[in-house]
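Since the structure comes first, as structure tokens, the remarks are kept for the end.
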Amino acid sequence: MARPIVAIIGRPNVGKSTLVNRLCRSREAIVHDQPGVTRDRTYQDAFWGDRDFKVVDTGGLVFDDDSEFLPEIREQANLALTEAVLALVIVDGQQGITAADEAIAEWLRSQDCQSLVAVNKCESPEQGLAMAAEFWRLGLGEPFPVSAIHGVGTGDLLDRVVSLLPPKQMDHEGEEPIQMAIVGRPNVGKSSLLNAICGENRAIVSPIRGTTRDSIDTLLERQGSRWKLIDTAGIRRRRSVSYGPESFGINRSFKAIERSDVCILVIDALDGVTEQDQKLAGRIEVEGRACVVVINKWDAIEKDSYTMPMMEKELRGKLYFLDWSSMLFTSAITGQRVESIFALAALAVEQHRRRVSTSVVNEVLKEALSWRSPPTTRGGRQGRLYYGTQVANRPPSFTLFVNDPKLFGDTYRRYIERQLREGLGFEGTPVKLFWRGKQQRAAEREVVRHQNNLL
């Protein structure tokens, strides 16, 4: 059974994200002294005692203003409330009750969800009780004085939270979900793609750059597997980004790439491949992640029967880092080919985790050597490739044992990688090759012998 959800609700700048990080023992939620940093619903796992639950952080609620993003933030908070079993309302104990707090309380009283009040910024336990007493007037249940920064009172608050959760049931969620990060430049349609996949407004969509700041995790089932989709902030050039919420969001985007099983690199069909797209492609390859390249906004392109193959050839020429990845042309607006992403991603993940026996690897290498011998230097020295073996997966990694790695130039190394791919597959995943010579092996044996003598 899915874990119960606790929704964090409150006006801007009362410390919601700070308290979320405290309750979940993490630093995932972006914290910054600026209103409107959190916009979408972001989920984190939490536990207290013997209870596991999820906490969903929401943006600051403002009901008397329809300026930039505020209506969308209200919609996201409302969606969070519909799936939550408890609304944890955060207020500022130092400021006391405000008109915005009263508006939120009135809205919550009309919702079918139990609620609890956390009075934040109560650093002094003695004064905190007096500060919290004022918030009984909101009519949302007992107010608990806490300090999100220092952790004061959070234990009592969590005791009360878990007491209001539904009875504990056995969890049959099964194996860990496949983690799929949706990455790309700003405004290429990442959040629109996530919404199209989920069939709901899971993330706020806007033509304004930098709308998504947190990495948004979404769980769903496709292709007979459980998936965790991670929508990330648009990644701009470093010199264009100033310190603040955008830089925090980009750092989380890079972390999302690192923790993912497969990356969906979203390219704008109208813009084509830019320099920043190439840098992102390079980062995915360096991190060793499986990848599917998605060309979004395909509905906006005037096309005939030759447009797709011609554009794919052009795009692949610029995305040479990912020449091993699948490419899919989609439209998040119309939903065209959106569901096909999962089939390609599942294949890429399967290949990313795959292992091949040493005998099969050497059959492929033998075939490659028969077609093209290693190069010979002007002095008559020729490279010799003795054998190879797979040493790791995620990504597939091979060690090739040779007489001298220096005798194998980049051209021949690319040839061997190409032959391994043609013979073994590995579509959708990078492949790493390690070339080891006799001197390296001798040095390693000497180190082992020295360590044994010390023992």
Side-chain angles (χ1 to χ4, degrees), residues 180-190 192-194 230-238 240 250 253-254 256-258 260-301 303 306-332 336-338 340-352 394-396 410-411 413-422 425-433:
M180 183 164 73
I182 304 174
V183 300
R185 295 183 295 110
N187 275 28
V188 294
K190 300 184 298 300
S192 297
L193 198 62
L194 176 66
I230 312 166
D231 184 25
T232 63
I235 302 173
R236 292 198 292 162
R237 290 177 295 182
R238 181 173 297 179
S240 303
I250 289 174
S253 298
F254 289 147
I257 293 174
E258 293 173 11
S260 67
D261 294 301
V262 57
C263 291
I264 305 301
L265 176 60
V266 184
I267 305 291
D268 190 322
L270 297 170
D271 295 340
V273 175
T274 67
E275 180 184 356
Q276 186 65 7
D277 293 322
Q278 291 176 322
K279 290 181 178 179
L280 280 171
R283 190 176 187 102
I284 291 170
E285 199 241 358
V286 168
E287 293 291 346
R289 302 299 94 189
C291 182
V292 176
V293 178
V294 170
I295 312 303
N296 194 30
K297 306 182 184 180
W298 187 239
D299 58 299
I301 298 292
K303 45 193 172 290
Y306 300 101
T307 306
M308 185 181 292
M310 289 177 61
M311 182 172 281
E312 179 171 354
K313 183 178 180 181
E314 179 185 347
L315 296 175
R316 286 196 178 278
K318 295 179 179 179
L319 285 175
Y320 50 88
F321 293 107
L322 304 180
D323 58 352
W324 39 263
S325 66
S326 300
M327 185 173 288
L328 185 67
F329 293 80
T330 70
S331 168
Q336 183 183 25
R337 301 190 190 91
V338 167
S340 299
I341 292 173
F342 287 96
L344 294 176
L347 174 62
V349 170
E350 178 188 348
Q351 296 298 309
H352 191 247
R394 305 192 188 196
D410 291 339
T411 301
R413 293 188 182 206
R414 285 194 295 269
Y415 165 74
I416 292 295
E417 180 179 342
R418 189 166 59 251
Q419 292 299 306
L420 284 173
R421 285 191 177 279
E422 291 179 2
F426 294 113
E427 300 87 356
T429 177
V431 170
K432 293 186 179 297
L433 302 183

Non-hydrogen atoms of [X] and [Y] that approach each other most closely:
X	Y	answer
Cys291	Leu265	SG-CB, 4.2 Å
Pro430	Trp324	CD-CH2, 3.4 Å
Ala332	Val338	CA-CG2, 4.4 Å

Looking at [X] and [Y], would you say the former's side chain and the latter's main chain have a donor-acceptor pair under 3.5 Å?
X	Y	value
Asn296	Val188	yes
Lys279	Thr274	no
Lys432	Gly288	no
Arg337	Ser331	no
Ser260	Ile257	yes
Arg289	Glu287	yes

Any side-chain heavy atom of [X] within less than 4.5 Å of one from [Y]?
X	Y	answer
Thr307	Ile301	yes
Pro396	Thr429	yes
Val273	Gln278	yes
Ile295	Leu315	yes

| Contacts of type side-chain hydrogen bond (donor to acceptor under 3.5 Å, both in side chains), residue Ser340, not counting sequence neighbours | none
| request: List the steps and the verdict of salt bridge (Lys or Arg N to Asp or Glu O under 4.0 Å) for Arg185 and Asp277. | output: CA-CA 7 Å; Arg185 295 183 295 110; Asp277 293 322; 3.1 Å; yes
With sequence neighbours excluded, what pairs up with [X] under the side-chain contact (heavy atoms from CB on, under 4.5 Å) test?
X	value
Glu312	Arg316, Met327, Phe329
Ile416	Leu365, Ala368, Leu385, Leu400, Tyr412, Leu420, Leu433, Trp435
Ala346	Trp227
Glu422	Arg418, Gln419

| task | Might you work through the side chain to side chain contact (heavy atoms under 4.5 Å, CB included) test for Val183 and Ile264, ending with a clear yes or no? | result | CA-CA 6 Å; Val183 300; Ile264 305 301; over 6 Å; no
| task | State the CD1-CH2 distance between Ile267 and Trp298, to the nearest 0.5 angstrom. | result | 13.5 Å
| message | Within this structure, what is the OG-CG distance for the pair Ser325 and Leu319, rounded to the nearest 0.5 Å? | response |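 Answer rounded to 0.5 Å: 7.0 Å.
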| said: Suppose we screen for salt bridge (Lys or Arg N to Asp or Glu O under 4.0 Å). Which residues come up paired with Glu285, at least two apart in sequence or across chains? | reply: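 Partners of Glu285 under the salt bridge (Lys or Arg N to Asp or Glu O under 4.0 Å) test: none.
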| Can you name the salt bridge (Lys or Arg N to Asp or Glu O under 4.0 Å) partners of Asp323, sequence neighbours left out? |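 Scan of Asp323 (salt bridge (Lys or Arg N to Asp or Glu O under 4.0 Å), adjacent residues dropped) gives none.
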| said: Could you go through Val293 and Leu328, starting from their C-alpha distance and side-chain angles, then the distance that decides it, and tell me whether this counts as side chain to side chain contact (heavy atoms under 4.5 Å, CB included)? | reply: CA-CA 6 Å; Val293 178; Leu328 185 67; over 6 Å; no
| message | Filter on salt bridge (Lys or Arg N to Asp or Glu O under 4.0 Å), then keep only pairs touching residues 290-301, sequence neighbours left out; what's left? | response | Asp268-Lys297
| How far apart are the C-alpha atoms of Thr330 and Gln336, what are their side-chain angles, what is the distance that settles it, and do they pass the side chain to side chain contact (heavy atoms under 4.5 Å, CB included) test? | CA-CA 5 Å; Thr330 70; Gln336 183 183 25; 5.8 Å; no
